[in-house]
Amino acid sequence: MLDGDQATAFADLPTADLHVERRYLGGTRGTSGDDPLARLLPVGNQGGFRYKGSVRNDSVKLAVLYTSGEELTWPDSLDPETGIFTYFGDNRRPGTELHDTTRAGNLLLRNAFERAHGSADDRLRVPPFLYFEKSVPGRAVRFRGLLAPGAATLTSDADLSAIWRNASGSRFQNYRAFFTVLDVGVVPRDWLDAVLSGAPTISAGCPEPWRDWVEGRVYRALVAPPTVTIRSKADQLPSDPTGRAILQTIRDYFSTRPTDFEACAVEVWRLMAPSTGSCTVTSPSRDGGRDAIGQYLLGPNADKVSVEFALEAKCYGQDSGVGVREMSRLISRIRHRQFGVFVTLSYFNRQVYDEVRTDGHPIAMVCGRDVVDVLRDNGFSDRAAVQAWLNSRFPGVTD
């Protein structure tokens, strides 16, 4: 059972169970002692990686992964439909080797994921990971779930990978890790206390999904079925200045040749949907209402099934939303067994969003915030990086 927006007072934290979606309130003295995580669990009051024990001495009993949601270059994220949580390591700036970080967070990840793919005895040495995120008011945090390293759909090559990033002309590596939020609504205090005192993680009081993972690497994920989503204008546009600057950089680049943005929209879609196959940008005079036509590939590598899609692109400013007329143009061009992709640098009007979702049209609606998010996910996290990407991928367009 999820707790919605219930909250636990600061004074009650030392004995509190952990309820998924519950807020845990901070103190009010205005000092670092107000941090609720340090009072809730003996894991310290700083950093994204917090734990009890020593990583370098291989004695970590319990680990907390905390995310503020403010590291836009490293966008930690939870997919509630699959229960998969993406978390980035702590080597976030040039000058340090992958595993030589101050908090040893990346070393903790490496050890945990190596053991996750080993035997049951190996997994018994993996500390439970607890996922918290920044909340309100003040220093409050929200508990999002008990994590197991990896996912049922990911291999050892995919669930933990070292990715390259570039900052100030220097390249460096950091980890991108995928965890599964286990189907555990309440993590009992008695079990946490036992684990912290040195008891095996599958001792009395252990949540059954954790036991299943340790003993058989079975992932019982906490998933939330999708509902009809109507995103507001604010939800569809980046809220931070850097995100808005990224979109403006793209608009400026294509301002004198707006039809060239169609090729950019195709590349943005490829970043979102890597299984996209061949895709052809149509001639402006012969597009038949479609800016591009492509193939999306499904199935095994030896026998792919190709599904055709039509793509529409609009290089709109942030105050020019996509209306019914533009969307109707795309919908009318979609044939049987096809789907549509609409990419805009702005947003979709509420009426458009409502009609597409309510009527069940197979349209992927990619708004300005989505464009910024996928660029950031691929390392293009500021205006300069996006400008370099545009110059490289779409040469011949003047700034």
Side-chain angles (χ1 to χ4, degrees), residues 79 81-82 84 86 151 153-155 157-158 161 163 178 226 229 236 250 253-254 257-316 322 325-346 348 352-353 355-357 359-380 386 389-390 392-397:
D79 182 348
E81 295 183 20
T82 63
I84 295 178
T86 306
T153 56
L154 297 175
T155 67
D157 292 334
S161 56
I163 58 175
F178 294 96
T229 301
Q236 297 181 64
I250 302 173
Y253 193 77
F254 295 106
R257 297 171 62 184
T259 56
D260 287 342
F261 173 67
E262 295 162 5
C264 178
V266 169
E267 290 305 302
V268 166
W269 173 246
R270 283 190 186 278
L271 292 176
M272 293 182 176
S275 292
T276 298
S278 63
C279 193
T280 304
V281 175
T282 57
S283 168
S285 61
R286 302 179 61 185
D287 67 6
R290 297 165 295 183
D291 292 331
I293 300 173
Q295 306 290 327
Y296 190 79
L297 305 177
L298 303 169
N301 290 331
D303 188 17
K304 293 286 188 183
V305 174
S306 177
V307 180
E308 189 173 86
F309 67 89
L311 183 145
E312 184 81 0
K314 294 297 180 186
C315 192
Y316 283 173
V322 173
R325 180 177 59 84
E326 296 99 319
M327 183 61 73
S328 297
R329 181 173 181 263
L330 175 61
I331 292 173
S332 68
R333 291 340 189 247
I334 297 175
R335 300 192 301 271
H336 181 54
R337 294 179 179 174
Q338 289 185 333
F339 68 96
V341 177
F342 204 125
V343 180
T344 179
L345 299 183
S346 62
F348 299 91
V352 170
Y353 227 122
E355 290 182 1
V356 169
R357 292 293 177 251
D359 295 342
H361 294 296
I363 305 291
M365 292 186 282
V366 180
C367 61
R369 176 171 287 192
D370 300 328
V371 173
V372 171
D373 286 348
V374 75
L375 289 174
R376 282 173 166 158
D377 285 345
N378 285 272
F380 309 111
V386 171
W389 176 70
L390 292 169
S392 172
R393 296 295 296 161
F394 315 104
V397 181

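What's counted below: heavy atoms across the whole structure, side chains too, no hydrogens, waters or symmetry copies. The shown structure was predicted, so the numbers you read here are calculated from the model rather than taken from an experiment. In this chain, residues are counted from 1 in sequence order.
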Between I84 and A151, what is the shortest heavy-atom contact and its length? CD1-CB, 4.0 Å
Straight-line distance of L390 CG to L375 CG, nearest 0.5 Å: 8.5 Å
Quick check for you: to the nearest 0.5 Å, what is the distance between I334 atom CD1 and F309 atom CZ? 11.5 Å
How far apart are the closest heavy atoms of M272 and V371, and which atoms are they? CE-N, 4.2 Å
Which distance, rounded to the nearest 0.5 Å, do you find between the CZ of R376 and the CZ of R369? 9.5 Å
Plane angle bin for F348 and F342 - parallel if under 30°, tilted between 30 and 60°, otherwise perpendicular: perpendicular
Looking at D291 and E262, would you say the former's side chain and the latter's main chain have a donor-acceptor pair under 3.5 Å? no
Strictly below 4.0 Å, N to O, side chains only: are R329 and E326 in salt-bridge contact? no
Taking only residues two or more places apart in sequence, or in another chain, which ones meet D370 in a side-chain hydrogen bond (donor to acceptor under 3.5 Å, both in side chains)? R231
Please report the closest heavy-atom contact between C279 and V266, naming both atoms and the distance. SG-CG1, 3.7 Å
Which word best sums up how the rings of F339 and W269 line up, parallel for under 30°, tilted for 30 to 60°, or perpendicular for over 60°? tilted
Give the intermediate values and the outcome of side-chain contact (heavy atoms from CB on, under 4.5 Å) for residues R333 and Q338. CA-CA 10 Å; R333 291 340 189 247; Q338 289 185 333; over 6 Å; no
Dump the intermediate steps for side-chain contact (heavy atoms from CB on, under 4.5 Å) on T86 and D377, then the final yes or no. CA-CA 11 Å; T86 306; D377 285 345; over 6 Å; no
For N378 and W389, run side-chain contact (heavy atoms from CB on, under 4.5 Å): C-alpha distance rounded to whole Å, both residues' side-chain angles, the deciding distance at 0.1 Å, then the answer. CA-CA 11 Å; N378 285 272; W389 176 70; over 6 Å; no
If you round to the nearest 0.5 Å, how far is CZ of F394 from CZ of F261? 9.0 Å
Keeping R270 on the side-chain end and G277 on the backbone end, is there a donor-acceptor pair under 3.5 Å? yes
State the OG1-CG distance between T276 and L297, to the nearest 0.5 angstrom. 7.5 Å
Polar side-chain atom of Y296 near backbone of A273 as donor-acceptor pair, under 3.5 Å: no
Mind listing the closest non-hydrogen atom pair of L345 and C315 along with its distance? CD1-SG, 3.7 Å
Of the non-hydrogen atoms in V356 and M365, which two are nearest, and what is the gap between them? CG1-CE, 3.9 Å
Interatomic distance, NE2@H361 vs CD@E355, rounded to 0.5 Å, equals 7.5 Å
Heavy-atom pair with the smallest gap, counting every atom of I250 and C264: CG2-SG, 4.3 Å
